[in-house]
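Notes follow once the structure below has been shown.
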Amino acid sequence: MPDMVAAATENERLRRCVNDILSITALPAVWTGGTVDEIGTALLEGLRAILDVDFLMLRVAGNGDHPEMLMERSTNNAVSGRPTLVEDLIATFGTNVGEWPQRAELVRDQVRFRLISEKLGIDGKIGLLIAGSIASSFPSEQDRIVLHVAASQAAIAIAEAIRFRDDARAVAARELKKVVDAIPVMAWSTLPDGQADFFNAHFLTYLGITAEQATGWGWTEALHPEDSGPLQRVWMQLLASGTPGETEARLRRWDGQYRWFLFRANPVHGEDGTVIRWYGTNTDIDDRKRFEEEARRSAALMTQAQRLTVTGSVWWRPATEEIFWSEETYRVAGHELGITPTSEMMLDRCHPEDLPTVRGLISDAMHRGQNVDFEHRLLMPDGAIKYVHVVLQNIGTDPADPEFIGAVADITERKTAEENLRRSEVLLSEGQRISRTGTFSWQVETDEITFSEELNRIFGFESGRVVDFDGIGQRVHEEDLPLLATKMADVRAGGDNPDYEIRLFVDGQVKHVRVVGRIIKHLDGTMECIGAVQDVSAQRVAELARDKLRTELAQLARVMSLSTMAASIAHEVNQPLSGIIMNASASLRMLSASPPNIERAVEAAKRTIRDGNRASDVIMRLRRLFRRGVAAVELLDLNDAIREVLGLLANDLQRERITLIEELSDRPHLIVGDRVQLQQVIMNLVRNALEAMTDIAPAQRKLVISTVFVNHEARVTVEDHGMGLEAADAERLFDAFHTTKSNGMGIGLSVSRSIIEAHRGRIWAEPNPSGGAIFGFALPIDEATGGGPPSESNP
């Protein structure tokens with residue numbers, strides 16, 4: 001009987017085992033077309049229904065983009081926490097699941113689990129199936145067989161699912177690549193660390209490189225050097241944050257040209273939230289960037305142009321009361337930036353006198369859509385007045401809804417300039433009339449001539465007449481036509497600016513005019529002569545009268561000196577005459593002697609001739625001094641000229657008991673001038689010095705006359721110890737008809753100054769530090785004539 005029971009039990013066990021195996025072998029039909037997840041789920045659920053175990057775990061190895069998969073099923077509370085179970089298994093048997101033993105035990109929370117594992121595929125390359133139970137009878141032979149069959153079936157099904165999945169993915173990848181390559185943007189993808197692993201054909205074609213060259217960071221070689229650093233910093237920030245982002249950079253095309261691109265990147269996250277891949281696109285925005293740059297440049301130029309021209313822009317839609325002002329408009333109107341503009345804001349600034357007119361024009365624009373173009377004044381808060389030019393043009397299509405664009409220009413400077421120009425024109429016209437000066441313009445290439453009104457009057461032409469050279473030639477004095485022709489020829493040849501005088505014959509009268517011109521060469525190569533013609537007739541008449549008066553005054557001064565010099569002249573002439581008489585008498589006595597003394601008589605005759613010549617020289621000097629006539633310019637020694645004057649005045653010096661000190665330079669002072677006129681100056685200065693010492697004690701009467709050479713000048717000074725000079729007199733000493741003498745005429749020093757200035761020299765007077773006065777003059781020395789040493793210190 002027991003044997004029968006045992007046999008029945010064994011048969012039941014075998015039947016159940018066969019049924020279990022049949023159930024397992026039926027699973028592939030359920031798995032057909034399923035995914036790895038679906039196969040694993042069905043496997044674990046089927047085994048849990050067949051086996052009496054506490055937990056089941058399926059591990060599927062990672063493949064390609066798919067990470068390792070762990071699935072677990074537990075039948076009671078003996079196993080809690082899947083992550084902890086896996087960690088305990090790894091801690092016990094190691095990280096290499098393929099090397100785990102087929103049978104083992106695991107102690108967890110003082111509970112002993114008996115484990116049995118079956119590898120999926122050769123060496124467990126596909127995965128591992130594990131079953132565990134706390135039952136001491138686990139695993140039975142039946143458990144081992146069922147688990148083995150299940151593992152074999154699952155390995156086949158999972159391998160097929162993976163192959164099908166990879167084939168489908170390959171087909172999908174090929175189709176996706178076709179799509180990605182066809183889109184008109186540059187597409188790419190990277191690994192989680194940012195290294196690129198895919199580029200579509202458009203990207204590679206643009207760079208002109210292969211996928212191998214671009215993979216990783218190779219594509220960054222095409223970045224513009226200025227953009228490489230900023231782009232990589234942005235990319236590192238995106239990798240660190242795991243968030244989408246974009247930036248702009250330039251990429252070098254295959255032909256070396258750089259273009260701007262918009263880089264966009266989006267991350268793909270796994271189930272655990274980590275980034276498993278990055279996908280991105282590059283969009284060509286070079287045309288947009290150039291447009292934006294051009295727009296920014298245009299806006300900057302417009303703003304700068306408005307600022308430079310002080311012109312603001314305006315947009316106005318009366319129906320909606322919308323108004324836009326540019327920044328320059330705010331500045332012109334004197335309002336702060338940012339305030340919403342209104343039409344009343346400009347009207348508030350309008351000058352009260354112009355306000356009615358402005359309101360009327362604005363009203364016509366609002367209700368009739370009429371364009372506006374007018375000028376008016378603004379009264380600013382500080383009291384200043386601005387002139388503005390307002391232009392508004394209706395660009396609206398609906399007459400009932402006008403829309404205006406326009407400009408507001410600050411024309412204050414222009415208005416001020418116009419007013420100044422009008423004032424200048426009036427002043428210029430009046431100035432030309434008063435100064436008798438006319439202006440002209442001569443276009444040398446075309447001979448086009450323009451005369452001012454005053455110049456027409458000077459030439460006797462009618463106002464507004466078209467002037468030509470024939471008309472000018474008819475007015476020029478016949479004797480001055482050659483000079484005019486020469487000056488015109490010089491101008492045509494590009495010569496210096498003309499400056500000359502000619503005479504005109506106008507209405508039977510001779511006019512003296514001075515012509516001054518300036519040659520201007522324009523950028524187009526043409527020449528223009530701009531100049532002025534001044535009527536100097538009155539000046540020339542006055543100069544002739546002045547020269548005549550000066551000559552007569554000089555002659556008068558010389559004649560007036562004759563009376564005071566009579567004694568000196570008599571003394572000078574008497575000495576050679578007395579010598580002549582004495583020598584003639586001696587000659588007669590010697591000739592009358594017996595025998596006649598011929599030799600001594602001849603000597604006496606020679607002395608007679610000598611004294612005669614001396615008398616003749618005195619007379620000749622006097623005749624030159626007092627005669628009227630043209631100045632005789634010659635090369636003369638200033639020291640000799642001074643000695644001759646002192647010789648004529650020797651008698652006066654003796655009579656007045658004047659001590660004469662001569663400090664004449666040892667070196668010759670040769671100058672070019674009129675000997676007689678310069679001697680007249682010296683005589684005037686010496687005579688004045690003698691008269692100044694009349695009331696001084698004889699012991700103090702000293703006269704010092706000296707000559708020195710300093711700074712290319714010959715200086716002559718006459719120093720006296722007389723009464724001296726007063727400050728008021730010193731300033732007017734050389735004025736005509738000014739005198740400090742009771743019986744003087746005041747023309748001596750005035751004539752002396754005229755003579756010295758005619759010799760290109762200068763004359764002065766100053767107080768003598770030791771008492772008295774010092775008069776002096778300086779004349780230029782011509783070094784070419786050997787006039788003196790290069791330097792000589794003052795005495």
Side-chain angles (χ1 to χ4, degrees), residues 64-67 169-170 172-303 327 338:
D65 295 337
H66 292 272
R169 289 185 59 205
R174 287 193 296 272
E175 294 299 322
L176 178 61
K177 188 174 185 306
K178 292 180 181 179
V179 174
V180 172
D181 288 341
I183 60 177
V185 294
M186 298 161 64
W188 46 270
S189 66
T190 75
L191 300 176
D193 61 358
Q195 296 195 57
D197 63 346
F198 169 76
F199 297 92
N200 69 346
H202 188 62
F203 197 120
L204 298 175
T205 302
Y206 178 86
L207 297 184
I209 59 177
T210 63
E212 290 75 13
Q213 292 172 322
T215 300
W217 301 103
W219 66 273
T220 59
E221 295 292 330
L223 282 171
H224 193 283
E226 297 178 1
D227 303 336
S228 178
L231 182 139
Q232 293 191 37
R233 284 193 292 272
V234 173
W235 184 222
M236 291 298 107
Q237 293 172 1
L238 295 181
L239 292 177
S241 65
T243 57
E246 63 182 35
T247 187
E248 296 176 355
R250 285 164 289 184
L251 282 175
R252 184 181 63 245
R253 200 166 61 185
W254 59 271
D255 58 358
Q257 179 183 356
Y258 284 94
R259 293 183 66 86
W260 282 98
F261 285 86
L262 175 64
F263 287 68
R264 283 197 178 101
N266 284 287
V268 174
H269 298 276
E271 292 182 359
D272 58 357
T274 60
V275 176
I276 60 175
R277 201 167 192 80
W278 287 86
Y279 292 95
T281 59
N282 292 357
T283 305
D284 190 331
I285 59 171
D286 195 75
D287 293 337
R288 190 200 75 189
K289 290 285 286 188
R290 294 182 186 275
F291 176 78
E292 291 175 352
E293 182 65 25
E294 186 64 28
R296 284 194 296 268
R297 186 181 297 110
S298 298
L301 290 174
M302 177 64 72
T303 301
E327 292 185 4

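Both backbone and side-chain heavy atoms feed into the values below; hydrogens, waters and symmetry mates do not.
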task = Examine the side chains of S228 and Q232 and answer whether a donor and an acceptor come within less than 3.5 Å of each other.
result = yes

Over 12 non-hydrogen atoms of neighbours within 6.0 angstrom of CD in E221 = no

Heavy-atom check, side chain of W278 versus side chain of L239, under 4.5 Å = yes

key: Beyond-backbone contact of T215 with Q195, side-chain heavy atoms, under 4.5 angstrom   = no

task = Fit a plane to each ring of F261 and F263, take the angle between them on a 0 to 90° scale, and name the class: parallel (under 30°), tilted (30 to 60°) or perpendicular (over 60°).
result = perpendicular

key: Nearest heavy-atom neighbours spanning L207 and R252   = CD2-O, 3.6 Å

ask   = If only atom types and distance count, is the side chain of D227 paired as donor or acceptor with the main-chain N or O of L251 below 3.5 Å?
value = no

query = side chain to side chain contact (heavy atoms under 4.5 Å, CB included) with R288: which of D286, D284, I285?
reply = I285

key: Distance-minimising heavy-atom pair for G242 and P267   = O-CG, 3.3 Å

Heavy-atom side-chain contact between H202 and N282 under 4.5 Å = no

ask   = Where do L262 and E248 come nearest, in terms of heavy atoms and distance?
value = CD1-CG, 4.0 Å

Over all atoms of both residues, closest heavy-atom pair of W188 and A265 = CH2-CB, 3.8 Å

query = Does the pair T220 and W235 meet the rule for a side-chain contact (heavy atoms from CB on, under 4.5 Å), with working shown?
reply = CA-CA 12 Å; T220 59; W235 184 222; over 6 Å; no

query = Would you find more than 12 non-hydrogen atoms of other residues, nucleotides or ligands less than 6.0 Å from W254 atom CH2?
reply = no

request  = Could you tell me whether the side chain of H269 reaches within less than 4.5 Å of the side chain of V275, counting heavy atoms only?
outcome  = yes

inquiry  = Would you say that S189 contacts D197 through its side chain, given a criterion of any heavy-atom pair below 4.5 Å between the two side chains?
reply    = yes

task = Could you tell me which non-hydrogen atom of Y258 sits nearest to which non-hydrogen atom of P225, and how far apart they are?
result = OH-CD, 3.9 Å

